[in-house]
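Only one structure is covered here, and it is reproduced in the block below.
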Amino acid sequence: MAIIPSAKVTSASDQGVGPLLRAWREQRRVSQLELALRADSSARHISFVETGRSRPSEEMVLRLAEHLEVPVRERNALLLAAGYAPRFPETPLDDPALDAVREGIERLIQGYEPYPALVFDAAYHVVAANRGITMLLDGIPESLLQPPLNTMRLTLHPQGLAPRIRNLREWRGHLLEQMRRQIALRRSESLRALYEEVAAYPVTVFGTEDSLEQPEPVPYFALPMRIEHEGRTLSFISSTSTFNTPMDVTVSELAIETFLPADPATAKYLHTLLP
């Protein structure tokens with residue numbers, strides 16, 4: 001199991017905004033001069049901010065965070081560390097203020113049927129799914145279907161989808177790398193704990209390590225998930241999208257994953273199964 005180094009960025013309560021910005025800059029591998037050019041500032045001013053010799057304005061904090069691609073949740077932490085109020089609210093998904101978001105998501109994933117689609121949050125908890133996803137989960141033990149559903153557990157648990165995935169070794173590697181990128185981007189101990197949990201699951205298909213299917217020389221344009229369903233092997237290419245320029249923490253952490261049939265047989269079967 002790969003070990004992920006502990007995040008270098010500590011909480012805003014531990015240090016001021018300068019060290020936090022420096023940690024984000026180093027994590028992004030950007031020099032002070034490069035960041036200054038991006039933010040229309042000077043390397044001297046960036047240095048003074050990072051060492052605490054200069055207090056950045058609220059606008060400068062947000063500008064630097066934007067150019068360092070700091071997640072929205074962490075931008076609030078930077079503002080607090082600099083002595084300013086948080087800029088971005090964190091609205092519960094069931095709040096009436098997000099009615100348009102919820103309704104839009106539901107229309108989107110239902111309109112994608114019969115192909116599978118789901119929406120998950122920063123912890124990979126499923127917040128919405130269509131009938132295509134429900135079809136793939138047929139036969140999964142109730143213990144794994146108790147809320148909150150977690151897409152990583154459902155996929156990689158030995159009693160979940162893992163035994164049905166024909167190219168599990170490749171697909172598992174893809175998912176774990178995705179989680180590693182998210183851990184590098186976000187300061188989340190719960191996400192790290194989830195990674196350590198699912199990475200420790202035994203890697204078996206139909207009960208034996210030896211039965212893991214090796215990659216086939218097929219002309220896929222992206223890595224497919226090849227999964228058994230009622231005696232058929234279905235192939236899907238997945239795509240994940242997020243909201244553009246979100247102004248709310250909750251919305252910023254939502255991701256919509258859609259599964260496109262990777263071959264005509266899969267598409268035909270799904271249209272027959274879910275007319």
Side-chain angles (χ1 to χ4, degrees), residues 93-94 98 100-176 178-179 182 194 198 201 205-206 213 216 218-243 251 253-275:
L93 193 56
D94 59 358
L98 295 186
V101 173
R102 292 195 311 275
E103 292 170 4
I105 286 174
E106 289 291 342
R107 284 197 299 269
L108 178 63
I109 63 175
Q110 289 176 11
Y112 198 70
E113 293 177 353
Y115 308 148
L118 75 160
V119 183
F120 55 87
D121 62 18
Y124 291 97
H125 292 144
V126 179
V127 299
N130 69 5
R131 291 187 301 159
I133 292 292
T134 303
M135 175 268 297
L136 293 178
L137 297 181
D138 283 347
I140 298 296
E142 285 296 324
S143 59
L144 288 178
L145 297 177
Q146 296 300 315
L149 298 180
N150 187 280
T151 181
M152 290 298 175
R153 289 194 184 97
L154 285 170
T155 303
L156 298 178
H157 195 281
Q159 294 182 344
L161 294 177
R164 308 176 188 179
I165 300 176
R166 300 298 293 164
N167 58 336
L168 178 60
R169 193 188 306 277
E170 294 175 286
W171 194 251
R172 175 180 181 272
H174 155 68
L175 294 181
L176 293 181
Q178 175 182 314
M179 294 188 72
Q182 289 300 310
L194 176 63
V198 300
Y201 290 159
V205 173
F206 302 115
E213 187 174 277
E216 294 184 2
V218 293
Y220 291 123
F221 54 88
L223 177 67
M225 178 182 70
R226 305 183 66 246
I227 185 169
E228 290 289 325
H229 184 265
E230 297 185 353
R232 296 175 172 83
T233 298
L234 307 179
S235 294
F236 297 98
I237 301 294
S238 74
S239 174
T240 304
S241 59
T242 56
F243 287 90
V251 175
E253 294 179 345
L254 293 178
I256 304 169
E257 185 168 19
T258 55
F259 292 85
L260 179 71
D263 55 50
T266 297
K268 181 178 180 180
Y269 175 69
L270 290 176
H271 279 282
T272 301
L273 190 66
L274 300 173

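One finds the OG1 atom of T266 at 5.0 Å from the CG atom of L234 (value rounded to the nearest 0.5 Å). Atom OG1 of T151 sits about 11.0 Å away from atom CZ of R153, to the nearest 0.5 Å. Between atom CD of residue Q110 and atom CZ of residue R131 there is a gap of 9.0 Å, rounded to the nearest 0.5 Å. Summarising the geometry, atom CE belonging to M179 is positioned 8.5 Å from atom CG belonging to L156; distances are rounded to the nearest 0.5 Å. With rounding to the nearest 0.5 angstrom, the CD1 atom of I256 is 8.5 Å from the CD1 atom of I109. One distance of note links OG of S241 with CG of L254; it measures 10.5 Å at 0.5 Å rounding.
Smallest separation of non-hydrogen atoms from P224 and N167: O-ND2, 2.7 Å. Closest approach of P141 and Q159 over heavy atoms only: CD-O, 3.1 Å. Nearest heavy-atom pair across L270 and P261 is CD1-CG, 4.3 Å. Of all heavy-atom pairs between P158 and P163, the closest is O-CG, 3.0 Å. Across every non-hydrogen atom of A117 and T258, the tightest pair is CB-CG2, 3.9 Å. For the pair I105 and A128, the tightest heavy-atom approach, listed with the atom from each and the gap, is CG2-CB, 4.3 Å.
Q146 places a side-chain N or O within donor-acceptor distance of the main-chain N or O of E142, the cut-off being under 3.5 Å.
You'll find the side chain of R226 stays beyond 4.5 Å of the side chain of E170, heavy atoms only. Contact annotation: the side chain of L136 never approaches that of R164 to less than 4.5 Å [non-hydrogen atoms, C-beta and beyond]. Residues R107 and Y112 are not in side-chain contact: their nearest non-hydrogen atoms beyond the backbone lie 4.5 Å or more apart. Side-chain contact between L149 and F120 is absent, with no heavy-atom pair separated by less than 4.5 Å. Residues L273 and H229 meet the side-chain proximity criterion, which asks for heavy atoms closer than 4.5 Å.
Sorted by first then second residue, the ring pair (Phe, Tyr, Trp, His ring centres under 6.0 Å) pairs that include residues 131-173, not counting sequence neighbours, are H157-Y201, W171-H174.
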**Request:** Kindly indicate, with the supporting measurements, whether the criterion side-chain contact (heavy atoms from CB on, under 4.5 Å) is fulfilled by M135 and E113.
**Result:** CA-CA 11 Å; M135 175 268 297; E113 293 177 353; over 6 Å; no
**Request:** Check step by step if side-chain contact (heavy atoms from CB on, under 4.5 Å) holds for N150 and L144.
**Result:** CA-CA 8 Å; N150 187 280; L144 288 178; over 6 Å; no
**Asked** Going through the distances and angles, do T155 and V198 end up as a side-chain contact (heavy atoms from CB on, under 4.5 Å)?
**Response** CA-CA 9 Å; T155 303; V198 300; over 6 Å; no
**Asked** Given V101 and F243, is the side-chain contact (heavy atoms from CB on, under 4.5 Å) satisfied, shown in steps?
**Response** CA-CA 10 Å; V101 173; F243 287 90; 4.0 Å; yes
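When each of L154, L194, L175 is tested with Y124 by the rule side-chain contact (heavy atoms from CB on, under 4.5 Å), just one qualifies, namely L194.
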